[in-house]
Amino acid sequence: MMSFDLVLFGGTGDLTWRKLMPALFQAHRHGKLPPGGRILAVARDERSDDAYRAFIQERFSEVEASKRPSDDEFAQFAALLHYRRMDLSQPDHYAGLRRWVEDSRSDGPADTVVMYLATSPYLFPVICEQLGAAGLNGPRVRVVLEKPLGHDLASAQDINRVVKSVFQEQQAFRIDHYLGKPAVQNLMALRFGNALFEPLWRRESIANIQITLAEGLGVGTRGDYYDKTGALRDMVQNHALQLLTMIAMEPPSTNDADAIRDEKLKVLKSLRPFSSEAVARDVVRGQYRAGTVNGQAVPGYLEEVKVPPGSHCETFVALRTEVQNWRWAGVPFYLRTGKRLAARDAQIVVNFREVPHPIFPGSSGLSRANKLVIKLQPEDGLELHLLAAKGGGSNETLSPVSLDLDFDKAFPTERVGAYERLLLDAIAGRLNLFVRSDEQEQAWRWVEPVLHAWAQDSVGPRPYAAGSWGPPAASALVARDGHAWAEEQ
Ligand code: BG6
């Protein structure tokens, strides 16, 4: 069995205690962490292993109850945890880290060393360079890079250049945590483990595809970070485009990481490029105003803490694009994401075409057409919407019904959360669910004209009330093609 060391740079940061530690604990609880593992948290301040363990234990009180360890469970998990103070610009601190990695295990160095960079991205270059200089870049070492991976194409390329000067591409694990979500893995299974849908998965049968990543939450206390980012960089460039590639890609010839990533890259390269007229026509940006979410009055974006007055930062994006190839020519792909929307709801809706010749009364019209809904959140599942006869008479109107698959019920004990899946994959060296540098750069290349057009535009985002589905222009974008968002159908 493989032994591993996992080094968490940013070991006291939000991401570590909110996502990574709970995920590692779940993996430990489920018996999925390979034995012989050690987890080393690295941060700036001085503290002992025990003080760090106490810090993490306390933070677990903020994790949802079913994912919290009992005292006994925590004691077992805590035995894996270690802490080390590092100044990330000091070469001798990396030499010390190397000694820890190489000399401090009684059974010799671990088979795998995962360097997880859960820090601000401006530190990625210095950490990678220093790891390289200290010789911590050999074939046993993997580096995991957390999002955001750059701010635009040039900064993403800068980061990739440094990463590539130190590590091989197979050692670089770029995280997009949406790829770790069970529903996304099920999308691969649905498309390439079943013969049923493939003949229909094309322009002849599909009218349009909608990807919605809606959040009920606002920016919270992250106003300063968010204001420099905005929804296009935060959610579209990565999560929404990754989902689009998995929906639109051609069947890969194997389940290997590069076979899959080659196909995803082809989709990104086939997306219709944005001219400035296309940005004005096909992209809607919005910003929330005060409103009500789940019965609670909430402030507008400009009233949130650390948001600069008059900010034009977008908290909502809806856009229309096309994948320019034989399979998808002319099929609109609508992407939509936003904060403070009506619900936390992430789903992909595949709307099929109408029957060519309706014979039942009242059954024509897209609102009644067949659709497949791939639900990511709040629960993951699949719904297949059909029209059926209730059996009420010879000339009756058809009624919509759906076949629903709830994965929590289908697999009650085997669900693995996104970060747990991705951490286990990084430890095991499985790259399938990680983003390759060329995919990431191509995604930036595609969104950049939108960023440029917005930078020239003094009007700013369209307002929408918190608790709504975004500005009315988002509905108009889809209605223009004779379609409607799922909740309007
Ligand atoms: C992150 C974004 O990548 O994804 C956040 O930076 C967003 O702004 C989050 O809230 C959403 O992730 P999830 O898994 O809660 O849908």
Side-chain angles (χ1 to χ4, degrees), residues 178 208-220 222-223 226-227 229-241 243-244 274 278-304 307 310-321 332-351 366-367 371 373-378 447 450-451 453-454 457 459-489:
Y178 266 65
N208 68 88
I209 294 185
Q210 308 182 356
I211 299 177
T212 295
L213 306 180
E215 296 183 88
L217 294 177
V219 296
R222 296 200 311 156
Y226 194 84
D227 202 73
T229 310
L232 191 73
R233 290 185 171 98
D234 193 44
M235 298 290 287
V236 176
Q237 185 272 344
N238 34 66
H239 307 322
L241 281 185
L243 295 179
L244 187 155
F274 281 112
V279 174
R281 190 186 59 228
D282 294 340
V283 189
V284 175
R285 61 170 167 161
Q287 188 186 75
Y288 62 85
R289 298 287 181 263
T292 309
V293 179
N294 295 329
Q296 291 250 308
V298 295
Y301 178 71
L302 295 175
E303 286 98 61
E304 301 278 18
V307 169
S311 165
H312 277 183
C313 174
E314 83 285 358
T315 60
F316 175 95
V317 177
L319 63 83
R320 178 195 191 282
T321 187
F333 282 73
Y334 304 109
L335 269 47
R336 170 175 70 159
T337 185
K339 301 233 180 244
R340 286 286 189 230
L341 294 181
R344 178 168 190 250
D345 178 21
Q347 60 176 21
I348 303 169
V349 180
V350 179
N351 284 307
L366 260 181
S367 60
K371 63 179 173 180
V373 182
I374 299 151
K375 299 193 329 183
L376 281 73
Q377 280 166 183
V447 299
V450 183
L451 294 170
W454 287 350
D457 163 29
V459 179
R462 297 166 191 265
Y464 63 95
S468 69
W469 282 103
S475 301
L477 176 76
V478 178
R480 206 174 69 200
D481 299 328
H483 302 314
W485 291 108
E487 77 280 358
E488 296 168 343
Q489 286 176 2

>> E304: which residues meet the side chain to side chain donor-acceptor pair (under 3.5 Å) condition with it, sequence neighbours left out?
In response: Y288
>> Under 3.5 Å, is there a donor on one side chain and an acceptor on the other for T315 and Y226?
In response: no
> Less than 4.5 Å apart, any side-chain heavy atom of L319 and any of D282?
Replying inline: no
> Can you find a pair of side-chain heavy atoms, one from Q210 and one from K371, that are under 4.5 Å apart?
Replying inline: no
> Are any side-chain N or O atoms of N294 and backbone N or O atoms of Q296, one a donor and one an acceptor, separated by less than 3.5 Å?
Replying inline: no
> Can you tell me how far CD1 of I211 sits from CG of L244, rounded to the nearest 0.5 angstrom?
Replying inline: 4.5 Å
> What heavy-atom pair brings A486 and V349 nearest, and what distance separates the two atoms?
Replying inline: CB-CG2, 4.0 Å
> Can you find a heavy atom in the side chain of R462 that is under 4.5 Å from one in the side chain of P472?
Replying inline: no
> Side chains of Q287 and L302: closer than 4.5 Å at any heavy-atom pair?
Replying inline: yes
> Is there a side-chain contact between D457 and R285, using heavy atoms and a 4.5 Å cut-off?
Replying inline: yes
> For the residue pair A453 and V279, what are the closest heavy atoms and their distance?
Replying inline: CB-CG1, 3.7 Å
> With side chains defined as the heavy atoms from C-beta onward, is the minimum distance between F316 and Y464 less than 4.5 Å?
Replying inline: yes
>> My understanding is that only residues two or more places apart in sequence, or in another chain, count here; which of them pass side chain to side chain contact (heavy atoms under 4.5 Å, CB included) with T229?
In response: Y225, R233, D234
> Nearest 0.5 Å, what's the CZ-CZ distance between R320 and F333?
Replying inline: 11.0 Å
>> Are C313 and V307 packed together at the side-chain level, in the sense that at least one heavy-atom pair is separated by less than 4.5 angstrom?
In response: no
>> For P463 versus P471, what's the shortest heavy-atom pair and its separation?
In response: O-CB, 4.0 Å
> Would you call L376 and L243 a side-chain contact if the rule is heavy atoms closer than 4.5 Å?
Replying inline: yes
N/O donor-acceptor pairs under 3.5 Å from side chains in residues 334-341, not counting sequence neighbours:
residue: Y334; atom: OH; partner: D481; partner atom: OD2; Å: 2.3
residue: R336; atom: NE; partner: T212; partner atom: OG1; Å: 3.2
residue: R336; atom: NH1; partner: E487; partner atom: OE2; Å: 3.0
residue: R336; atom: NH2; partner: T212; partner atom: OG1; Å: 3.0
residue: R336; atom: NH2; partner: E487; partner atom: OE1; Å: 3.1
residue: T337; atom: OG1; partner: L213; partner atom: O; Å: 2.8
residue: K339; atom: NZ; partner: E215; partner atom: OE2; Å: 2.9
residue: R340; atom: NH1; partner: G216; partner atom: O; Å: 3.1

> Are any side-chain N or O atoms of E314 and backbone N or O atoms of L232, one a donor and one an acceptor, separated by less than 3.5 Å?
Replying inline: yes
> What's the spacing between W485 CH2 and N208 CG if we round to 0.5 Å?
Replying inline: 9.0 Å
